[in-house]
Every structure is written in C-alpha cells, then in structure tokens.
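The next block holds one structure in the form of structure tokens; read it before the comments.
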Amino acid sequence: MKDGLLTLLLVLPIVGAVIVSTLPQKETNLAKGVGLGVAILQFFASLPLLTRFDPKAVGYQFEQNVPWIEELGIHFHVGIDGFSLWIILLTTLLTPLCILVAWTTIKTRGAEFVAALLVLEAGMIGSLVSLDLIVFFTFWELMLVPMLLIIGVWGSEQRVAASVKFFLYTMLGSALMLAAIIYLAVQHYNASDGVWTFDLIALQEVILTPEQQLYCFWAFALSFAIKVPLFPVHTWLPDAHTQAPTPGSVILAGVLLKLGSYGLIRFAFPLFPLAAGEGAQVLASLAVAGIVYGALVAWVQTDAKRLVAYSSVSHMGFIVLGIAGFSVQGLTGATFQSLGHGLTTGALFMAIGMLYERRHTRLLSEFGGLAKVMPWFTACFMLAMLGSVGLPGLVGFVGEFLILVGTYTHGGLMLFDVPVLLIIAATGVVLGAVYLLHLFQKMMFGKVTHDANAALHDLTLREALVFVPVLVLIVGMGLYPKPFIERIDPTSKAAVQSFTHKRCVSIVASNVGRAVLAADVADVESACAEPEAVIARTYGDQRVTTLRKKAREAARARAKAAAANRADAEAQPADAQPAEAQPADAQPDRGGAK
C-alpha cells in the first residue's frame with residue numbers, strides 16, 4: 001500500500017529548518033518559537049502512525065517505494081513495523097521538548113541550533129523508516145552533521161575535542177558499514193545474474209558463505225555497537241554527554257543511541273543470520289561487561305551529568321543482551337527498554353540541566369538539601385530516577401524483566417552459559433539502584449550546606465511543561481504496558497521466525513562455497529521444516545566458529561576429491577570405455593547438509 005505520511009514526516013522538519021535558518025540572527029526567540037511550532041506540528045502529524053497502525057498485521061506498514069537511481073536498483077523505499085513505530089513517536093515527542101529546554105539554555109545562535117535540531121530529527125526518522133540500504137546510509141550520515149554541530153558549537157569548554165571524538169568513532173563505523181553494503185549488493189548482482197538492488201527485503205534473500213557473512217556482519221555490528229555504544233567502543237559517549245548542551249544530551253540519550261540497537265535488529269541480524277548466530281555470544285558477553293562496567297564507573301563519578309552518561313552505557317547493555325538472545329520476549333523487551341531509557345535518561349538530563357542553569361555546576365559536592373528548597377523539582381527527579389532504577393510499576397522494570405526472562409527461557413538457541421550471563425547482568429540491576437540512589441541522596445537530602453542552594457527557585461511553568469508528558473509516560477508505561485507491547489510483539493515473533501529459518505538455510509548452504517539466493521539452495525524446504533532442530537544439531541553447546549570450521553573442512557574435502565578425480569582421469573587409458581550410464585530415473589546425490 002502506498003502512503004505519503006512517512007515522506008511528510010521527513011520533509012516537514014527539513015522545511016522547518018530552512019525557514020528557521022532564514023530568520024534574522026537577532027530574533028532568537030522568534031526562531032525558537034517557529035521551530036517549536038514546526039516540532040509540535042510534526043508530533044501531531046506522527047500520531048496517525050499510532051492510530052492507523054494495525055497491531056495484528058505482519059510486515060511493513062505505511063510503505064512507499066519509489067525508484068530513485070534505477071540503474072543501480074536504489075529506491076526510496078520506506079515503511080515501519082513494531083520495532084520502529086514507538087521510537088519514531090519518541091523522536092517526535094522529545095524534539096519539541098528539547099526546543100523548550102533550549103529556550104533559556106541556548107543564548108547564542110538560537111536559529112542555527114533549532115535548524116540543526118530539526119535536521120537531526122529528519123535524519124533520525126529517516127534512519128528508522130528506510131528499507132533501502134543506500135537510503136538508510138544517507139540518513140545515517142545526515143544525523144552525524146547536526147549532532148556534531150550541537151556538541152561542537154553549543155557545548156561546554158571541551159566541546160571541540162568531544163565533537164571530534166564523536167565524529168571519528170562514528171565515521172569509522174560508517175565506512176565499514178558502507179563497504180559491507182556495497183559488497184552485499186555485488187554478491188546479489190552475481191547470484192541473480194546481473195540484478196542490482198539495495199532493497200533490504202531482496203538482500204535478505206542472499207545467502208553468503210560463512211566467511212563472507214563473518215566479515216559483513218562485524219562491519220555492520222561494529223558500526224551499530226559504536227552508536228549504542230557497546231563496551232569497549234563507548235568512550236566517546238561520556239565526553240559527548242558532558243560537553244553537549246542539555247537539549248543535545250536529551251536527544252542523544254533519548255533517540256540517537258537507540259539507532260544502534262535498532263540497526264542490529266533491522267539489518268545486522270537478518271542480513272547475516274549465520275554470522276549473527278555465532279557472534280551473538282560475543283555481543284552478549286560485551287553487553288554484560290558493559291552493564292557492570294558502566295554501573296561501577298557511574299558509582300564513583302563526582303559530576304552528575306557524567307554519572308548519568310555512564311548509566312547509559314550500563315542500561316544500553318541490557319538492550320543489546322536482549323537482542324543477542326534474539327527471542328520474542330528479548331526483542332520486545334529490548335524495544336520497550338529503548339523507549340523507557342529514552343524517557344528516564346532524557347528526564348534526568350533535563351533535571352541536571354535545570355540545576356546547572358541555576359548553579360553553573362554539576363558537582364555532587366555542591367548540592368544537598370534540595371528537597372527542602374525545590375520540592376516539585378525533587379519529586380520529578382525522583383520519578384525519573386526510580387524509573388531508571390527499574391522500580392516495579394515504572395517503565396524501566398517492564399523492559400528489563402522481559403529481557404531477562406526472554407534470554408533465560410529462549411536464549412539457548414543463540415547463546416551458551418546463559419545463567420552465568422544473567423547472573424552477572426542482574427548485578428547491574430543492583431548496582432544501578434546503588435549509584436542512582438547515591439546520586440539522589442547526595443543532591444536532595446541532608447542539610448543545605450551552600451548558601452547559593454537556599455535561594456534556588458522551584459520549577460517554572462515552562463520546566464513543568466517539559467517534565468509532565470515524560471513523567472506521565474514513565475508511570476503509565478510501567479503500570480499499563482499492554483498497548484505498547486501488543487504493537488511490538490507480533491513484529492518480534494515474525495522477526496524471530498524469519499531469522500531462525502534463514503539461519504537454517506545458511507547452514508544448509510554453508511558448503512556451497514559461494515553466495516547464492518535462498519531460492520537456489522537445494523532441499524531447503526525439507527531440511528528446514530524444523531529449523532530449530534537443525535540449528536541445535538549443528539551447534540550443540542559449541543556455537544562459536546563451528547560452521548566456519550565445517551565449511552573449511554568441506555572445502556578441503558571438495559578440493560581433495562577434485563584432485564583425486566583429475567589424477568584418475570589422467571591415469572585412465574585413452575581407449576578405456578566410459579562408465580555405465582545411470583538409469584534415467586536415478587536421483588543424483590545433492591551432497592547437501594543433513
């Protein structure tokens with residue numbers, strides 16, 4: 001079904017950015033007002049995605065597919081499903097809130113800031129709706145420029161160093177991903193007798209060899225791991241958060257990091273199922289390490305903003321763990337947790353930014369006793385903090401619970417030593433409560449030891465308007481998550497079923513020795529009637545490198561057999577009679593994997 005709504009959501013913020021950038025530089029409040037109006041209009045324009053979304057439908061909705069560069073098979077192909085629906089709505093919600101936050105925090109070049117934020121919104125939505133890999137890469141790179149400017153122009157003292165670090169990390173991952181995209185398209189061209197395409201659905205039909213999948217998967221996975229960010233490629237994040245202005249930190253934590261986890265679900269795992277199955281253990285191990293590492297480092301921070309930045313490393317580790325297990329509950333939990341983390345961490349960054357405006361410091365030692373001075377602010381901070389902790393009844397609990405349950409009950413097809421992984425991950429839940437309660441106690445309780453804190457004013461009307469929708473969702477999604485889960489769960493079920501089948505097909509085709517289309521794999525229907533059984537027989541408890549070893553052994557066996565056949569042919573007398581022909585109804589030995 002053709003639908004122009006997604007195109008509207010891509011065009012509207014770009015048009016708004018152009019209008020804002022043409023306003024006089026001195027008219028900062030006018031620029032912010034126009035930008036806020038465009039962002040609010042964008043939010044209301046996105047609501048039909050929710051009202052018209054069919055939770056029972058399998059596949060992409062609001063789809064539009066228009067040729068762009070036909071010679072290379074590049075199409076403007078966009079659509080959404082349960083994985084992308086809620087993150088798009090989170091993006092359109094947080095963008096106007098960020099402009100409201102910027103009303104007093106951004107004092108210079110306000111028009112340029114609002115324009116950069118609107119372009120960033122278009123880039124994020126474009127990445128979430130793209131179903132053509134070149135279109136996706138275009139929007140993926142479009143996000144880089146405005147975020148670089150937001151950190152580098154409107155950030156704190158070390159903003160240039162932080163923005164350069166962010167740029168270098170992201171560009172490294174992007175270069176690897178682009179190389180893998182082009183390589184995959186070439187393999188499709190060869191396997192399909194000269195058909196160019198970058199369409200995600202078509203490229204999922206290409207079955208690469210184990211070695212080809214290995215390199216392509218890790219090129220994609222590294223790019224997305226940097227964006228998450230996953231330990232140990234996380235080191236750009238604390239600097240970027242610390243130096244970015246408050247609206248930049250909110251949108252960075254709220255949405256931009258989620259593009260990394262979304263990319264793993266949408267691209268890396270479905271395109272390279274064999275390598276993903278073997279690499280899942282590495283991703284899960286790094287995710288668990290990041291959960292504990294981020295929590296421990298957050299605990300010892302003296303800067304409140306840096307503490308929340310390291311908490312993102314820990315919480316995003318849970319999301320990657322849910323993806324690595326690739327179970328229905330795990331994927332649903334990872335998507336739900338992406339929303340919850342965006343809300344809670346975004347609210348914490350807003351609160352710390354409001355305090356910084358008043359005191360011009362983020363050091364924990366400079367605060368204390370704020371509950372007596374700013375009771376409404378303290379209540380809002382507490383709700384956001386407890387939501388991040390994962391208190392039952394708030395949004396953080398639902399996502400973490402689904403991830404842990406899904407990984408434990410159904411993660412064994414992807415991972416081994418699952419109980420060990422979950423025990424270590426569970427310590428991150430405890431440590432999360434420790435460092436966030438430590439943050440809350442240091443800032444809100446005790447005596448007012450600094451005279452400057454005694455004169456602080458409570459929330460203004462503008463600040464309250466920023467907090468209200470976020471806190472309502474933090475509580476509402478925790479108490480009644482059903483409307484959210486029922487729109488994610490069918491997509492998760494379809495994704496797991498498709499991935500498991502394609503992983504089985506890759507196992508069947510692993511001894512072919514070249515890239516083929518799934519339709520060309522012999523006996524795939526009979527061999528993959530029960531794909532989970534094939535996967536279990538193939539790997540048992542030793543998943544890492546098993547298929548690559550088997551593929552190399554098969555290649556050596558083929559080479560040895562070919563050499564033996566050549567030797568026999570050379571030794572055969574010239575006048576030897578040919579071997580007796582087989583009967584016409586004899587079935588050839590396909591030599592496929594059993």
Side-chain angles (χ1 to χ4, degrees), residues 3-18 38-39 42 45-46 49 60 62-69 72-81 83-92 94-95 115-150 166-167 169-182 184-185 197-201 203 219-220 223-224 226-228 251-252 254-268 271 338 342:
D3 197 303
L5 180 56
L6 296 180
T7 303
L8 173 65
L9 295 179
L10 295 174
V11 171
L12 186 58
I14 297 294
V15 172
V18 172
V38 172
Q42 173 85 341
S46 69
L49 295 179
Y60 298 106
F62 302 93
E63 199 169 353
Q64 187 175 10
N65 193 344
V66 179
W68 182 19
I69 307 176
L72 295 177
I74 302 174
H75 286 215
F76 179 74
H77 188 189
V78 294
I80 67 168
D81 60 8
F83 291 143
S84 51
L85 167 67
W86 292 111
I87 307 179
I88 293 172
L89 293 173
L90 177 65
T91 304
T92 61
L94 288 182
T95 301
L117 196 60
L118 291 173
V119 173
L120 178 60
E121 181 183 23
M124 292 185 296
I125 294 176
S127 298
L128 290 165
V129 302
S130 297
L131 300 177
D132 183 285
L133 266 65
I134 293 298
V135 176
F136 167 76
F137 186 80
T138 301
F139 283 111
W140 182 265
E141 291 301 292
L142 179 63
M143 292 188 299
L144 176 62
V145 177
M147 195 68 229
L148 179 73
L149 294 175
I150 288 172
F166 165 74
F167 178 82
Y169 267 80
T170 307
M171 283 302 296
L172 171 63
S174 297
L176 292 174
M177 181 168 64
L178 179 60
I181 289 173
I182 294 172
L184 181 60
T197 184
F198 289 87
D199 189 84
L200 173 63
I201 299 171
L203 291 179
F220 271 76
S223 180
F224 297 137
I226 290 172
K227 189 74 77 177
V228 166
I251 205 69
L252 178 60
V255 182
L256 206 64
L257 304 187
K258 311 307 178 296
L259 270 297
S261 56
Y262 171 82
L264 289 172
I265 298 174
R266 174 69 76 224
F267 299 102
L271 287 172
S338 295

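Residue numbers run from 1 in the order of the sequence given.
- The backbone N or O of Leu128 lies less than 3.5 Å from a partner atom in the side chain of Tyr262, making a donor-acceptor pair.
- Using modelled atom types and a 3.5 Å distance limit, the side chains of Gln42 and Thr95 yield no donor-acceptor pair.
- A distance of 8.5 Å separates CE of Met177 from NZ of Lys227, quoted to the nearest 0.5 Å.
- Going from atom CD of Gln64 over to atom OG1 of Thr7 covers 3.5 Å, rounded to the nearest 0.5 Å.
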Worked verdict on Glu121 versus Leu117 for side chain to side chain contact (heavy atoms under 4.5 Å, CB included): CA-CA 6 Å; Glu121 181 183 23; Leu117 196 60; over 6 Å; no
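- Counting only heavy atoms from C-beta outward, the side chains of Ile181 and Leu203 never approach each other to under 4.5 Å.
- Between Ile14 and Ala122, the shortest heavy-atom distance links the atoms CD1-CB, 3.7 Å.
- Here CD1 of Ile226 is found 13.0 Å from CG of Leu257. Values are rounded to the nearest 0.5 Å.
- Using the six-membered ring where Trp is involved, Trp140 and Phe224 have ring planes that are perpendicular, over 60° apart on the 30 and 60° scheme.
- Looking at Phe62 and Leu9, their side chains never come closer than 4.5 Å, going by heavy atoms from C-beta outward.
- Ser84 and Arg266 make their closest contact through OG-NH2, 3.9 Å (heavy atoms, listed as atom of the first residue, atom of the second, distance).
- Side chains of His77 and Tyr60 form no contact here, defined as non-hydrogen atoms less than 4.5 Å apart.
- The shortest non-hydrogen separation linking Asp199 to Ile201 is OD2-N, 3.0 Å.
- The two atoms that bring Leu259 and Met124 nearest to each other are CD1-O, 4.3 Å, heavy atoms only.
- Residue Phe76 qualifies as enclosed at atom CZ: its count of foreign heavy atoms under 6.0 Å is above 12.
- Between the side chains of Asn65 and His75, at least one donor N or O sits under 3.5 Å from an acceptor N or O.
- Between Thr170 and Met147, every side-chain heavy-atom pair lies at or beyond the 4.5 Å cut-off.
- Scanning for side-chain hydrogen bond (donor to acceptor under 3.5 Å, both in side chains) contacts around Lys258 gives His341, with sequence neighbours left out.
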Check against side chain to side chain contact (heavy atoms under 4.5 Å, CB included), Leu200 and Leu271: CA-CA 8 Å; Leu200 173 63; Leu271 287 172; 4.0 Å; yes
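- The CG atom of Leu5 lies 8.0 Å from the CD1 atom of Ile80; values are rounded to the nearest 0.5 Å.
- Ile125 CD1 to Phe139 CZ: the interatomic distance, rounded to the nearest 0.5 Å, is 9.5 Å.
- Nearest approach of Ile87 to Thr91, heavy atoms of both residues: O-OG1, 2.8 Å.
- Nearest heavy atoms, Leu8 versus Pro13: O-CD, 4.4 Å.
- Side-chain contact between Ser130 and Phe137 is absent, with no heavy atoms from C-beta onward closer than 4.5 Å.
- The distance from atom CG of Leu120 to atom CD1 of Ile150, rounded to the nearest 0.5 Å, is 5.5 Å.
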Worked check of side chain to side chain contact (heavy atoms under 4.5 Å, CB included) between Leu85 and Leu49: CA-CA 7 Å; Leu85 167 67; Leu49 295 179; 3.9 Å; yes
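- With sequence neighbours excluded, no residue forms a side-chain hydrogen bond (donor to acceptor under 3.5 Å, both in side chains) with Trp86.
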Derivation and outcome, side chain to side chain contact (heavy atoms under 4.5 Å, CB included), residues Leu176 and Ser223: CA-CA 7 Å; Leu176 292 174; Ser223 180; 5.8 Å; no
